[in-house]
Amino acid sequence: MPADLAGGLGAVALFAVPGYGLTELLPGLRRRPLPRRAAYGYLLGVAAVAGSLYALSHLGGVPLRPPAIWAAAAAPALLGLTAALLRRRLTPKVAAGSRSDSRPLAATAASRSLFAARIRDLGGPLPAACALAATFICVGVFAEAMTNPPHDWDGRMTWGTQARYVRAAGTVDPGVLLDSRWYISHPQYPLLLPVAQVAVLEAFAADPDSPLPRAVYAAFLPVLLLVIYDGARRAAGPVPAALAALAVAAAPFIIRGEGGAESTYSDLPLACFYGAGLVLLLGGRPRAESGWAAGLLLAAAVLTKNEGAVLAGLALALGWRSGKAGAARLAAAAAPVVMALVFLASWRAGIPNRQDESYLEIVQAGHLWPGIVTHVADFVPVMIDKMNRFRHWAGFWWMAPAALLAGRRVLRHPLASRFLTAALGPPAVAWAAYSVHPTPVNLAAVTWERFLLQAAVPLLIVLACSWAAVWRRLGRPISKQRYGGKALLSSPPQ
């Protein structure tokens, strides 16, 4: 058991350390508190390490073996270390005496108690309690992942199987994918997460049945919670943000459902990439460096699942801001996404599609409009039934509409409306797919909740804003936060 946990931590570190190094190059992420910075770093690490291996294997024929994997992980880590050393060397040193003399007396007294300082940083006792509860949940998920083999359907049928093909061939272009005579489920699915699995197994010379890949997926749960907390805290304050993150952690489907944290599906990673890209693209002052980071995460979304391309395009559309700085940030974000789309098209070009739906052909055949009209009565009851299951969502979908209705005034704010539009993106993709699919009831039964998971980050940010608005109307104090240079909750446009 201790050895398994140590191995799992090593698997996570393979991406977390390089990603943390990349945050040294991004002032907006470098200045965030350590947990939130580490969350973005993990996402950047998976995107950079697995993404570079994906590209090098297909475009350069680089074998997916330990030398290439360790080099891909070491490069961003060393780059970040170099940047940190240079920054410290060039930063003027402040005399210790003058710094302590200028520190306010209250801050000096507070620093005497590290525990009290951490509580204050979190926003008070309630956010601290939420953080503690969420930590226990994440530790439990990680321990389960390290002690049991994968037991989910798509993880074993699709993502884990693709990883075995890629590892055996040492390339993302294995013959079993290129030869149409082989029966392969979803052969053209993007391979970012299977490549991440291969990287972990090869780097540590692990057995094919090792639980190490599950550690990579389990780590996305705390990342999701921290990204939600980061975006919601900037928009609504620490208390609503902490409650929003805990609401996600407490939903049983997020933990044990098909696509949740205990599975090896790609839906939770997609939710993290899409949500984090949105937070960086919509929040804060428009800077090119935040746009580049958002673009790298959205490019990872493109390489994670088919619908990632649609969601990345929606995020870019919502990220538009007038002015030279806004245009520069959007251009910096769009460049990695375009490169990912071109690369994915190149990789798919040599893979015959079989045993999979071709939605493009279905839409071109003119089945979209009739399906939207005729299939609604078939799949909508399935969607409602899934959301109404208490053992899956613990009443979340009863609470969310009520909270949005009660705090509806905050939706008048442009940023809140953009996050809400982003939250509607994954369900809209699902609705379109069900409308043209020959068996929409079956498809909705196995995928609808996963699309809801993909919308988690923007939806919970909007819910946090609604809760904060209701709390303020009840006469409770709300700490003022600023988002995009404007106080989101101070005065919604009339």
Side-chain angles (χ1 to χ4, degrees), residues 137 141 150-159 185-186 189 217 220-221 224-225 228 244-272 274-275 304-308 310-311 357 359 371-405 420-463:
I137 294 172
V141 169
H151 49 75
D152 51 281
W153 177 262
D154 269 19
R156 295 171 64 88
M157 178 190 73
T158 302
W159 309 109
S185 177
H186 310 301
Y189 270 17
Y217 289 86
F220 281 102
L221 176 61
L224 178 73
L225 303 183
I228 289 173
L246 186 60
V248 172
F253 181 85
I254 304 297
I255 307 300
R256 300 186 180 88
E258 292 186 347
E262 291 184 355
S263 75
T264 51
Y265 286 45
S266 292
D267 297 278
L268 178 58
L270 178 58
C272 292
Y274 175 53
T304 296
K305 290 200 73 179
N306 288 339
E307 56 267 33
V310 179
L311 299 182
E357 304 89 356
Y359 288 100
I372 290 179
V373 177
T374 59
H375 289 170
V376 168
D378 296 328
F379 61 76
V380 167
V382 177
M383 296 158 60
I384 296 175
D385 176 66
K386 289 290 184 179
M387 298 166 70
N388 199 38
R389 295 187 178 185
F390 191 86
R391 67 181 184 274
H392 285 194
W393 293 100
F396 178 84
W397 297 110
W398 306 342
M399 172 273 297
L404 288 175
L405 182 62
L420 182 59
T421 303
L424 295 175
V429 172
W431 191 288
Y434 303 157
S435 299
V436 301
H437 198 273
T439 57
V441 174
N442 294 336
L443 185 63
V446 297
T447 62
W448 173 240
E449 291 172 291
R450 290 151 57 185
F451 280 107
L452 296 176
L453 170 58
Q454 295 172 17
V457 173
L459 176 61
L460 267 297
I461 291 175
V462 175
L463 283 175

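Along the sequence shown, the residues carry numbers beginning at 1.
- Side-chain atoms of Y274 come within 3.5 Å of backbone atoms of A422 as a donor-acceptor pair (strictly under, hydrogens ignored).
- Using a 4.5 Å heavy-atom threshold, the side chains of L225 and L246 count as separate.
- P269 and T304 get closest at one heavy-atom pair: CB-CG2, 4.4 Å.
- Here the CG-CE distance, from L404 to M399, works out to 9.0 Å after rounding to the nearest 0.5 Å.
- Considering OG of S266 and CD of Q454, their distance stands at 10.0 Å, rounded to 0.5 Å.
- Judged by distance alone, the side chains of T158 and Y265 never bring a donor and an acceptor atom under 3.5 Å apart.
- Side-chain contact between F390 and W397 is absent, with no heavy-atom pair separated by less than 4.5 Å.
- Counting only heavy atoms from C-beta outward, the side chains of F396 and L463 approach each other to under 4.5 Å.
- Counting only residues at least two apart or on different chains, no side-chain hydrogen bond (donor to acceptor under 3.5 Å, both in side chains) pair has a member in residues 244-259.
- Residues passing the side chain to side chain contact (heavy atoms under 4.5 Å, CB included) test with A402: none are found, sequence neighbours excluded.
- Between V441 and Y434, the closest side-chain pair of non-hydrogen atoms is not below 4.5 Å.
- Residues in residues 387-400 take part in these salt bridge (charged side-chain N to carboxylate O under 4.0 Å, His left out) pairs, two or more places apart or across chains: D385-R389.
- At least one donor-acceptor pair closer than 3.5 Å links the side chain of K386 to the backbone N or O of A445.
- Listed here is the closest heavy atom pair of I228 and I461: O-CG1, 4.3 Å.
- D154 is linked by a salt bridge (charged side-chain N to carboxylate O under 4.0 Å, His left out) to R450, counting only residues two or more places apart in sequence or in another chain.
- Shortest non-hydrogen contact noted between D378 and V382 is O-CG2, 3.8 Å.
- Interatomic distance, D267 CG to T447 OG1, rounded to the nearest 0.5 Å: 9.0 Å.
- Counting heavy atoms from C-beta on, the side chains of W448 and P427 come closer than 4.5 Å.
- Among residues two or more places apart in sequence or in another chain, the side-chain hydrogen bond (donor to acceptor under 3.5 Å, both in side chains) test is passed with Y217 by Q197.
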Passes side-chain contact (heavy atoms from CB on, under 4.5 Å), F220 versus L224? Steps please. CA-CA 6 Å; F220 281 102; L224 178 73; over 6 Å; no

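- With sequence neighbours excluded, the residues satisfying salt bridge (charged side-chain N to carboxylate O under 4.0 Å, His left out) with E307 are K305.
- A distance of 10.0 Å separates OG of S185 from CH2 of W159, quoted to the nearest 0.5 Å.
- Taking 4.5 Å as the limit, every side-chain heavy atom of F379 sits out of range of all side-chain heavy atoms of H437.
- A donor atom on one side chain and an acceptor atom on the other are found under 3.5 Å apart for N388 and W398.
- Between W431 and S435 the shortest side-chain heavy-atom distance falls below 4.5 Å.
- Using a 4.5 Å heavy-atom cutoff, the side chains of I255 and L221 are in contact.
- Here I254 contributes atom CD1 and L453 contributes atom CG; the two are 4.5 Å apart, rounded to the nearest 0.5 Å.
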